[in-house]
Amino acid sequence: MREFDGRVVVVTGGARGQGAAIASRLARDGASVVVGDILADEARAIVASIGDAAMFVPLDVGDEDAWRHLRDAAMERFGHIDGLVNNAGLLRPGTITDAEVGDLRAMIDVNLLGPILGIKHIAPAIAEAGGGAIVNTSSVAGAAGITGLTGYAATKFAIRGVTRVAALELASAAIRVNCVLPGRVDSDMSDIAGSRRDARGIPLGRVAELDDVARVVTWLLSDAASYCTGTDIVVDGGVLAGFGGRRA
Ligand SMILES: NC(=O)c1ccc[n+]([C@@H]2O[C@H](COP(=O)([O-])OP(=O)(O)OC[C@H]3O[C@@H](n4cnc5c(N)ncnc54)[C@H](O)[C@@H]3O)[C@@H](O)[C@H]2O)c1
């Protein structure tokens, strides 16, 4: 018997990067996964690599109708939903004095409104299934200021608040809601930030591999985390621990 046998989990932003790693790991551990993303070709490739246990549903997380469609499609195919990983994210750099309004709004839509809409439309299905778990995705930029990331930091701080409210409101439905705060991860998003493989300032001396984060997310979804809700787990190689660690 595998950890997620019989469970159905929705993963947003599952077309590449951490979302793809999370979807693949969940499927390997027995889950059926519903990959929602705006990148149709990449998402179809991930779903094909997983096989019958996966399906792709086009999803722009900021679009409420798209969430309704994803929920209905997932219910029709699998009959129930037991978990949600709000992983989709967008990073557009900008200092406080040069941030573009369009970029700020886009990040609010993807990083904040998206997870809220996801919980709004998927949590009732999870409750119907008797409970389950939701994982939101913050960042070290949601716990400390990083120059040049005004809008990104705002949304990543905010999602930690949403996590707590959702945990309180959904506890009676036996739904746990937690949040991960990755540090620098070897993914396309880090290319935008110009630091994909830059390990300077990371006490453990390396950037995170996709699976470093995926393992923690799947743990939070699993029964091993059955008494954790409304909390954060930092997955950053020690960056937020303080000062004086390794400086490569
Ligand atoms: N890469 C890092 O260093 C890092 C660090 C901390 C937190 N994070 C967070 O981790 C999560 C995953 O990031 P990643 O590193 O895999 O980045 P990534 O850019 O490789 O993947 C992000 C995914 O989100 C999808 N996405 C973007 N906008 C969307 C939308 N409107 N609707 C649906 N899907 C959308 C993209 O198509 C992509 O598949 C994000 O929430 C990100 O903010 C990343």
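Whatever order the structure lists ligands and atoms in, that order sets their numbers, starting from 1. Positions are given from 1, in the same order as the sequence printed here. Not measured: the values here are computed from a predicted model.
For ligand 1, the atoms closer than 4.0 angstrom to any heavy atom of L59 are 32 (N), 33 (C). Interface atoms of ligand 1 facing T137, defined by a heavy-atom separation under 4.0 Å, are 9 (C), 10 (O), 11 (C), 41 (O).
Contact annotation for K156 and ligand 1: only side-chain heavy atoms (C-beta onward) come within less than 4.0 Å of the ligand. Proximity of R184 to ligand 1, defined as any heavy-atom pair under 4.0 Å, is confined to the backbone N, CA, C and O atoms. Contacts between S138 and ligand 1, counted as non-hydrogen atom pairs separated by less than 4.0 Å, involve the backbone only. Both the backbone and the side chain of D60 come within 4.0 Å of ligand 1, judged by heavy-atom distances. Residue-level proximity to ligand 1 for P182 is carried by backbone and side chain together, each with a heavy atom below 4.0 angstrom.
Using a 4.0 Å cut-off between charged side-chain N and carboxylate O, D82 and R7 make no salt bridge. Salt bridge present: E64 and K120 bring a charged side-chain N and a carboxylate O closer than 4.0 Å.
Annotation: D52, atom CG; neighbour count of heavy atoms from other residues, nucleotides and ligands within 6.0 Å does not exceed 12.
A side-chain donor from one of N136 and T163 sits under 3.5 Å from a side-chain acceptor of the other.
Side-chain contact check for D236 versus L181: every heavy-atom pair is 4.5 Å or farther apart.
To the nearest 0.5 Å, atoms NZ (K156) and CG (L149) are separated by 11.0 Å.
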